[in-house]
Asks: 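Have a look at this one before I ask anything.
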Amino acid sequence: MKNLVLKLWHTLRKPSVHFSLGFLVVGGFIAGIIFWGGFNTALELSNTEEFCISCHEMENNPYEELKTTIHFTNRSGVRATCPDCHVPHKWTDKIARKMQASKEVWGKIFGTINTPEKFEAKRRHLAENEWTRLKANDSLECRNCHNFDYMDFTAQSTRAEEQHSTSLASGEKTCIDCHKGIAHELPDMTGVEGW
Amino acid sequence: MRRSINALSKALLTVAIVTTSFIAFSGGNEVATLRDSTPIDVQKTPAPIPNVANTDVKQKRNYPMQPPLIPHKVRNYQVDLKVNKCMSCHSRNRTEESQAPMVSVTHYMNRDGNFLAEVSPRRYFCNQCHVPQRETDELVENTFVDMNTLMKEKQAAKAEKH
């Protein structure tokens with residue numbers, strides 16, 4: 001085994017005798033593009049709602065719950081899909097979130113979250129992860145669609161306008177502080193601030 | 001003699017029953033406004049569901065013990081064993097931030113009149129007693145008369161007699 005690795009290392013280190021430098025540079029470049037593109041395509045594929053809910057835990061719980069909310073049907077006809085709220089737009093953030101999500105996929109394959117009961121037991125933990133993330137990025141995913149600068153307070157209800165023009169405008173609070181449970185059922189909230 | 005009185009009262013009773021049932025049936029037609037006298041074998045096109053009134057303006061209470069109407073929308077406000085969304089605004093220690101009226105102290109009382117630290121179990125499910133309204137006309141005319149109006153009418157009648 002060790003010999004094999006050493007041999008491979010030597011081959012890799014030796015200057016190429018068969019291919020020109022130019023070919024290697026161009027070839028490497030093209031291979032890079034293909035790899036990169038393939039990677040991003042795979043990433044994009046896993047970034048669709050179909051992928052998210054292809055796993056039953058996500059279809060039976062979060063998706064079914066989303067269906068009854070304003071983000072599924074509304075007068076504007078704009079649908080928020082799972083990745084709209086759960087996957088960052090910036091590439092580095094996206095990769096980081098994907099790494100985290102693969103842990104959740106692992107949980108599915110190896111049966112830590114394979115029944116509604118187990119999902120319910122984990123819900124608080126999973127929800128807290130999302131709250132922490134959205135708190136840290138100032139509810140970036142919400143703001144991708146809802147832009148504070150273009151909110152017309154006069155068109156909002158009094159309750160909304162009062163809260164938005166004070167704590168939200170001053171930056172003291174962010175969307176997720178007040179809008180927990182906007183898309184799914186909430187877990188037991190004992191001990192969560194403001195509940 | 002007695003017999004003829006009996007016959008008379010029987011006749012009167014029959015007339016009474018026939019008239020009341022006639023009134024009840026013709027009135028019954030008005031109550032069935034949801035179908036608007038659509039023939040029984042025809043499916044009526046359902047009327048659009050009116051919006052929930054979300055005016056944030058408190059409504060009058062018709063009598064002192066009335067649970068106040070909810071002046072805002074409550075779509076997807078979760079109230080179950082895990083959470084009570086209403087209390088995240090209406091509980092004692094949330095009112096400063098939410099600027100919502102606190103649930104009155106009766107909500108913290110058990111049936112023996114003792115005050116509890118948390119909302120009493122019998123007041124936990126808010127929607128049992130409190131409901132929002134829809135922006136629509138009532139289907140059946142409401143003939144409710146406020147007791148203040150009743151009292152005023154009585155007083156006015158008394159004043160007229162004197």
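To find a chain, count down the sequence lines: A is the first, B the second, and so on, and within it residues start at 1. We use all heavy atoms of the structure for the numbers below, so side chains are in, but hydrogens, waters and symmetry mates are not. Everything numeric here is computed off the predicted structure, so don't read it as measured data.
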Asks: Hydrogens and angles aside, do B:N93 and B:T95 bring a side-chain donor and acceptor to less than 3.5 Å of each other?
Replies: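 Side-chain D/A pair, B:N93 to B:T95: absent.
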
Asks: Between A:T190, A:T166, A:I70, A:V192, which shows the greatest number of heavy-atom pairs under 4.5 Å with chain B?
Replies: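 Greatest number of close heavy-atom pairs with chain B: A:I70.
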
Asks: Before accepting this row, confirm whether a basic side-chain N of the pair A:R159/B:D56 lies closer than 4.0 Å to the acidic partner's carboxylate O.
Replies: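 Yes.
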
Asks: Tell me, for B:T55 versus chain A, whether the close heavy atoms (under 4.5 Å) come from the side chain, the backbone, both or neither.
Replies: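 Just the backbone, heavy atoms under 4.5 Å.
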
Asks: Of the backbone (N, CA, C, O) and the side chain (C-beta and beyond), which part of A:E185 lies under 4.5 Å from a heavy atom of chain B, both, or neither?
Replies: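 Looking at A:E185, backbone and side chain both touch chain B.
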
Asks: Which atoms of A:R75 come close to chain B, meaning under 4.5 Å heavy atom to heavy atom: side chain ones, backbone ones, both, or neither?
Replies: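 It is neither, since no heavy atom gets under 4.5 Å.
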
Asks: For chain A, which candidate among B:E97, B:K73, B:R75 shows the most heavy-atom pairs at distances under 4.5 Å?
Replies: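 Result: the option with the highest number of such pairs is B:R75.
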
Asks: Tell me, for A:E120 versus chain B, whether the close heavy atoms (under 4.5 Å) come from the side chain, the backbone, both or neither.
Replies: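 Only the side chain of A:E120 comes within 4.5 Å of chain B.
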
Asks: Quick one about B:Q78 and B:N76 (side-chain donor to acceptor, distance below 3.5 Å, no hydrogens or angles considered), yes or no?
Replies: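 No, no side-chain donor-acceptor contact under 3.5 Å.
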
Asks: Taking atom types as modelled, find out whether A:D177 and A:T174 have a side-chain donor-acceptor pair closer than 3.5 angstrom.
Replies: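 No.
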
Asks: Is the A:H86 ring parallel, tilted or perpendicular to the A:H184 ring (thresholds 30°, 60°)?
Replies: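 Rings of A:H86 and A:H184: parallel, as their planes differ by under 30°.
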
